[in-house]
Amino acid sequence: MSAGEQRGRKPRADVQRNRAALLETAQRHFLRHGVGTSLEAVAKEAGVGPGTLYRHFPTREALLAAVLQTRSEELVARRADIDRLGDPGEALERWLRAMEEYFSAFSGLPDPLMAAARAQEPDNPLTIPCHILISATDQYVRAAQLAGRVRASVRGHDLFLAACSVAWIKGTGTEEESLDRLRTLLASGYLEPDTQA
């Protein structure tokens, strides 16, 4: 059988089952223990050996990226709703909250996302999802800038990191009232405008 024929073959049923079991189990472990959970425990609970886990997902980031992909449908649906808004400023604000909630899915999730966004390593499986979210944020920022709602110096990358930061703080158990004040500070800044000529 040629290499092309092998690549075109559908994965065996047991391979598909193992992958699905690993993703389902990993999601439970990430929800319960955070992104630093034991991968060996994930493999054991999924009924496979560590070697099988690493064949499917060579790194923790690869497993995390695959689990996030399975959870992205809600974010896509929220973006569709946001895109129907007539106010670019409100659309940007709602998109930032949607990202913040997405980043809060698992304890510790903002750390690897911020690292992937900073390093921009092409071999990090989290880099592409981060770039997609940053690009989407840029679109909302540009629309709000055109409407005169956002300063020209602001970039989508900045607000992506801001949403990650709020999600990280949220994960420490900070009360919602304090988070709302932080969001206001991020949106408006804390320095008084310079009124001197």
[X] vs [Y] side-chain heavy atoms within contact, under 4.5 Å:
X: Leu133; Y: Phe103; value: yes
X: Leu64; Y: Phe106; value: yes
X: Pro88; Y: Gln145; value: no
X: Val42; Y: Phe30; value: no
X: Leu96; Y: Thr137; value: yes
X: Tyr54; Y: Leu63; value: no
X: Leu23; Y: Gln27; value: no
X: Leu182; Y: Thr174; value: no

Exercise. Do NZ/NE/NH1/NH2 and the carboxylate oxygens of Asp180 and Arg183 come within less than 4.0 Å?
Worked result: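 Judged by the 4.0 Å cut-off on N to carboxylate O distance, Asp180 and Arg183 do form a salt bridge.
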Exercise. Any ion pair linking Glu176 and Arg97 (charged N to carboxylate O, less than 4.0 Å)?
Worked result: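 A salt bridge links Arg97 with Glu176.
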Problem set entry | Thr127 side chain vs Asn124 backbone, donor-acceptor pair below 3.5 Å |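 Here the side-chain-to-backbone pair exists.
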For this session: Enter the distance from Lys170:NZ to Glu101:CD here, rounded to the nearest 0.5 Å.
Result: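 If we round to the nearest 0.5 Å, Lys170:NZ and Glu101:CD are 5.0 Å apart.
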Exercise. When you look at Arg181 and Thr184, which way does the side-chain hydrogen bond (donor to acceptor under 3.5 Å, both in side chains) test go after all the steps?
Worked result: CA-CA 5 Å; Arg181 287 195 297 270; Thr184 300; over 6 Å; no
How far apart are the closest heavy atoms of [X] and [Y], and which atoms are they?
X: Thr59; Y: Pro125; answer: OG1-CG, 4.2 Å
X: Cys164; Y: Leu113; answer: SG-CB, 4.3 Å
X: Pro112; Y: Leu109; answer: CD-O, 3.0 Å

Exercise. Of Leu85, Val141, Ile82, which meets side-chain contact (heavy atoms from CB on, under 4.5 Å) against Trp95?
Worked result: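 When Leu85, Val141, Ile82 are each tested with Trp95, the side-chain contact (heavy atoms from CB on, under 4.5 Å) holds only for Ile82.
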Problem set entry | Enclosure of Leu31 CG (heavy-atom neighbours >12, cutoff 6.0 Å) |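 Yes, enclosed.
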For this session: Step through the shown structure and confirm whether more than 12 heavy atoms of other residues, nucleotides or ligands are within 6.0 Å of CD on Glu74.
Result: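 12 or below, so no.
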Exercise. Which residue pairs pass the salt bridge (Lys or Arg N to Asp or Glu O under 4.0 Å) test when at least one of the two sits in residues 16-42, sequence neighbours left out?
Worked result: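 Residue pairs passing salt bridge (Lys or Arg N to Asp or Glu O under 4.0 Å), neighbours aside: Glu24-Arg28, Arg28-Glu45.
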